[in-house]
Number of protein chains: 2
Amino acid sequence: MKTNKQNLQAFEELYRPQIDQVLVDYLNSLKSNASLKKAMLYSVLAGGKRIRPILMLAVLASLRDSINKSEIEVAASLELIHTYSLIHDDLPEMDNDDLRRGKPTNHKVFGQALAVLAGDGLLTSAFEWLSQVKIDNQIKIELLHELAYAAGPQGMVNGQVGDILGEKQQLTLAQLQEVHRGKTGALLRYACKAGALMGAADDKISELLCLYGENFGLAFQIYDDILDVVSTEKEMGKAVHKDTSENKNTYPELLGLNKAYSKLEQTILAAKKNLADLEAEGIKTDLLLELLDYFEIKEPR
Amino acid sequence: MKTNKQNLQAFEELYRPQIDQVLVDYLNSLKSNASLKKAMLYSVLAGGKRIRPILMLAVLASLRDSINKSEIEVAASLELIHTYSLIHDDLPEMDNDDLRRGKPTNHKVFGQALAVLAGDGLLTSAFEWLSQVKIDNQIKIELLHELAYAAGPQGMVNGQVGDILGEKQQLTLAQLQEVHRGKTGALLRYACKAGALMGAADDKISELLCLYGENFGLAFQIYDDILDVVSTEKEMGKAVHKDTSENKNTYPELLGLNKAYSKLEQTILAAKKNLADLEAEGIKTDLLLELLDYFEIKEPR
């Protein structure tokens, strides 16, 4: 596994603007009420890092050299699902957050009713967009199915329910991981699955890529939980230390901060093991390896 | 156009239990948190008349004699979308309704957070289900696209936004119709479009069926608006006279009750004209004609 720290940066600089462009073009093409369009665009363009689409395209790039516009659209449609989930999560009846990525949350700007509807609109749009992307029909149906599975009541929605109901009780580590497998893991796993489908990976490669995606998702959540403890609102662009005050179940709460760090390290190692297995199958894993740098904690322990 | 008043009743008695059965089987098959599943099932089984699935199957029955289980599943998946829209519409930040079909609304029973998530779950499930129904791939993709289009920010969600923003102003008749084309019309039109797609209708027949669906949708809304004025909470199973108290834009508010009745009659006549045109093309329209009896106002004027 060679690593080249310039590699991911160049990849992101190439594709992130293209992801943003197809997102804006798609949303602007909709014949919707101006207020609804504004509310949807507000959150889609609120400064997300496009981690999920970039992960999907990095998986695809690990399988072949070229990426076309339709594949960028498939990646971008996942960002619509992610954005809807943030809008609904931030609602007063859910996490009640006023700040997201340093900006007022959707309902603070547009009101609760429009925020619910902007979320519903983005969620539905993801399927509308994906259903008309120019790719092979069989792959398209599998993508539609995998996306709905990952986002729905057996995936992200289920995790969100577990998270909210869990506030009333102390979860075990196994229960916490199950919640997170849905809440953050499902979409990140889907990103890898979708890349594998578009890249025509065989079953073994696809399975390894999905395992990497699951570990990526778990690391993502532990990292996020740790940052909530160790960083400031300014750094995060959203309220911090909320998990403790709201009795959220998190890794630092459950394990203590040091063991949460260890769990993060173990999870990153597990992801690296998945990449070594992929490398042994002849897959280029440099971008996927670099993506794990995302989980570096900058603060001294 | 022959009519046989026994026809639709027999059709509904045959298919409504099958629609209910596949809905229950599908939702029970989900690996979801028990509370989430309960919240979704509660609203799906709260006594809906299954008008949208019945309309879809009636269109299909107008094109050929047999209907298989997969087609019943396609029809039932539309009911998931309809149910989600009711749950979200009833939320305090939206229409703030406590009663629906004579029962407490979802958020009154399960709380607002779970109601938002049950809605999100049902919406996403519709696509998950539809993507794995055993039908021709090309038709499946068209169904997925038409459903997402009808339900999303160019269809139902757009109409809902127009309805909520419209509360603050007096709409013109044209604006009101545009709102309703989204709010109630889009899913009813989709029901007809989906029936036409599964029944392999040619473009001309499909277009006529969609026009019928649009008129059906418009009649549905005018009828609902009139009932809100003339009926009691007991008859309706939900709060009535809310439209006036909340400055909702409705046909009776805009035109007066008598002209609203006339508009309903005109719309039903337009739908009958669509059926006459279909009949001239050799399509059996008896069930679709009988479905228009739904809009009979039982109260003396």
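In what follows, chains carry the letters A, B, and so on, assigned in the order in which the sequence lines appear, proteins first and then strands, with residues in each chain numbered from 1.
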Checklist entry - Side chain, backbone, both or neither: which part of Leu30(B) has a heavy atom under 4.5 Å from chain A? => result both

Next on the checklist: If you define the side chain from C-beta out and look only at heavy atoms, does anything of Leu99(A) sit under 4.5 Å from Lys108(A)?
Outcome noted: no

Checklist outcome for this item: If one checks every heavy atom of Met156(B) against chain A at 4.5 Å, the contacting part turns out to be neither

Checklist entry - side-chain contact (heavy atoms from CB on, under 4.5 Å) between Glu207(B) and Asp203(B): does it pass, once the steps are laid out? => result CA-CA 6 Å; Glu207(B) 181 58 27; Asp203(B) 287 352; over 6 Å; no

Checklist entry - Once the angle between the rings of His88(A) and Tyr84(A) is folded into 0 to 90°, is it parallel (under 30°), tilted (30 to 60°) or perpendicular (over 60°)? => result perpendicular

Checklist entry - Angle class for the Tyr251(A)/His180(A) ring planes (parallel below 30°, perpendicular above 60°, tilted otherwise)? => result tilted

Next on the checklist: Let's test your reading of the structure: which of Gly111(A), Pro92(A), Ser131(A) forms the most heavy-atom pairs below 4.5 Å with chain B?
Outcome noted: Ser131(A)

Next on the checklist: Please tell me whether Asn249(B) and Glu253(B) have a donor and an acceptor in their side chains that are separated by less than 3.5 angstrom.
Outcome noted: no

Next on the checklist: If I measure from the heavy atoms of chain A, does Val116(B) come under 4.5 Å with its side chain, its backbone, both, or neither?
Outcome noted: side chain

Item to check | Under 4.5 Å from any heavy atom of chain B - which part of Glu146(A) | outcome: neither

Next on the checklist: Taking the side chain as everything from C-beta on, heavy atoms only, tell me whether Leu27(A) gets closer than 4.5 Å to Trp129(A).
Outcome noted: no

Next on the checklist: Only pairs of heavy atoms separated by less than 4.5 Å count here; which of Gly155(A), Ala151(A), Gly159(A), Ala113(A) has the most with chain B?
Outcome noted: Ala113(A)

Checklist entry - In terms of heavy-atom pairs under 4.5 Å, which option from Ile141(B), Leu114(B), Leu122(B) contacts chain A the most? => result Ile141(B)

Checklist entry - Do side-chain atoms of Ser43(B) reach the backbone of Asn106(B) as a donor and acceptor pair under 3.5 angstrom? => result no

Checklist entry - For the residue pair Tyr42(B) and Phe110(B), does the interplanar ring angle fall in the parallel (under 30°), tilted (30 to 60°) or perpendicular (over 60°) class? => result perpendicular

Checklist outcome for this item: Given Gln160(A), Gln112(A), His145(A), the one with more heavy-atom pairs under 4.5 angstrom with chain B than any other is His145(A)

Checklist entry - Between Leu147(A), Leu36(A), Leu144(A), which has the largest tally of heavy atom pairs under 4.5 Å with chain B? => result Leu36(A)

Checklist entry - Out of Asp120(A), Leu123(A), Asn137(A), which one racks up the most heavy-atom pairs below 4.5 Å with chain B? => result Asp120(A)

Checklist entry - For Leu117(A), is it the side chain, the backbone, both, or neither that has a heavy atom closer than 4.5 Å to a heavy atom of chain B? => result both

Checklist entry - Given a strict heavy-atom distance threshold of 4.5 Å, which part of Lys31(B) is in contact with chain A: side chain, backbone, both, or neither? => result both

